[in-house]
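Here is the naming used below: chain letters follow the sequence lines, and residue numbers restart at 1 for every chain. Small disclaimer: the values here were computed from a predicted structure and weren't measured.
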Amino acid sequence: WTSFAPEFKELDENVEYDEDEGDFDEMDE
Amino acid sequence: DLLKFNQLKFRKKQLKFARSGIHDWGLFAMEDIAADEMVIEYVGQRIRPLIADIREKQYETIGIGSSYLFRIDSESIIDATKCGNLARFINHSCNPNCYAKIITVDGVKKIVIYSKQPIAVNEEITYDYKFPIEEDKISCLCGTPNCRGTLN
Amino acid sequence: QVMLALHDRATQLKVTEGRTAVTGDKGYASIRATHFVSRGTWYYEATITEMAENAATRIGFAQALANLQAPIGFDKFGYSWRSRKGTKFHDSRGLHYSDEGYGKGDTLGFLIHLPVEAT
């Protein structure tokens with residue numbers, strides 16, 4: 001199944017997403 | 001729940017990723033599973049709801065059709081789009097043999113897929129996605145007699 | 001006395017005893033003040049007392065509908081000035097505003113000019 005979803009990273013546990021400062025921005029100078 | 005979850009952690013259910021009659025690929029049981037057993041945890045990246053909204057728009061623009069975003073509660077969502085486990089491949093059915101339930105382990109909420117009824121070897125694992133009602137409908141392909149026609 | 005509102009903030013933000021300072025961590029979250037204005041010209045100041053290395057602030061003016069689980073300036077209901085690069089934000093769009101950002105020890109001023117006859 002990795003060929004079906006090549007960039008998919010397999011996890012055993014949920015991981016917390018560490019937000020990026022620009023996550024909320026559509027356009028940043 | 002806790003006991004069942006720990007059992008699941010020590011001895012995962014034998015599941016197989018294979019061609020599905022419902023849609024592309026799916027997850028199939030490789031062992032008999034009794035009713036109300038924990039089948040698999042829906043694992044992914046835990047994010048805030050607003051981040052999930054922003055990502056949903058981004059996923060739509062890059063053409064990721066199906067949604068792997070699963071709401072745990074008003075504060076967090078599990079996104080299995082880019083990382084997670086096999087649970088992300090479980091197909092929807094309007095007449096499923098499993099159901100999803102939120103359990104709390106050590107104070108942390110998790111999504112677990114339970115068997116609704118006995119599941120035989122090679123039977124496809126399905127659950128009702130319970131997508132919120134939306135204007136843009138996604139056709140349901142489950143093909144079961146009482147199919148609702150759309151996922152949302 | 002204008003203070004930071006305990007009742008009008010993203011709950012993950014920590015407000016000090018005197019309710020004049022706020023600390024956040026991880027993703028952006030916002031807080032509003034206890035007083036709002038709807039007409040005339042108003043000005044306030046804010047001082048950055050601490051700024052961790054990869055931290056940032058976006059400070060400005062927000063209407064009541066601005067989403068507090070996001071930085072001010074994420075939606076149409078707010079206007080903010082970012083500590084990194086001095087960018088101003090409104091409706092998720094960051095435009096150049098000051099040549100450099102701001103940080104620990106800086107005292108910032110924010111002025112809003114509203115029509116006197118605001119409805």
Going by the rule ring-ring contact (aromatic ring centres under 6.0 Å, His included), which residues pair with C/Phe89 if we only count those two or more places apart in sequence or in a different chain? none
Given that the side chain runs from C-beta out, which part of C/Ala56 has a heavy atom under 4.5 Å from chain A: side chain, backbone, both or neither? side chain
side-chain hydrogen bond (donor to acceptor under 3.5 Å, both in side chains) partners for A/Glu13, two or more places apart: B/Lys110
All inter-chain donor-acceptor pairs under 3.5 Å (chain A, chain C):
| residue | atom | partner | partner atom | Å |
| --- | --- | --- | --- | --- |
| A/Glu21 | O | C/Arg58 | NH2 | 3.2 |
| A/Glu21 | OE1 | C/Arg82 | NH1 | 2.9 |
| A/Glu21 | OE1 | C/Arg84 | NH1 | 2.5 |
| A/Glu21 | OE2 | C/Tyr28 | OH | 2.4 |
| A/Glu21 | OE2 | C/Arg58 | NE | 3.2 |
| A/Glu21 | OE2 | C/Arg58 | NH2 | 2.8 |
| A/Phe24 | O | C/Ser92 | OG | 3.2 |
| A/Asp25 | OD1 | C/Arg58 | NH1 | 2.8 |
| A/Asp25 | OD1 | C/Arg58 | NH2 | 3.3 |
| A/Asp25 | OD2 | C/Arg58 | NH2 | 2.9 |
| A/Glu26 | N | C/Ser92 | O | 2.8 |
| A/Met27 | N | C/Ser92 | O | 3.1 |
| A/Met27 | O | C/Gly94 | N | 2.5 |
| A/Asp28 | OD1 | C/Arg82 | NH2 | 2.9 |
| A/Asp28 | OD2 | C/Arg82 | NH1 | 2.9 |
| A/Asp28 | OD2 | C/Arg82 | NH2 | 3.0 |
| A/Glu29 | N | C/Gly94 | O | 2.8 |
| A/Glu29 | OE1 | C/His96 | ND1 | 3.1 |
| A/Glu29 | OE2 | C/Thr87 | OG1 | 2.4 |

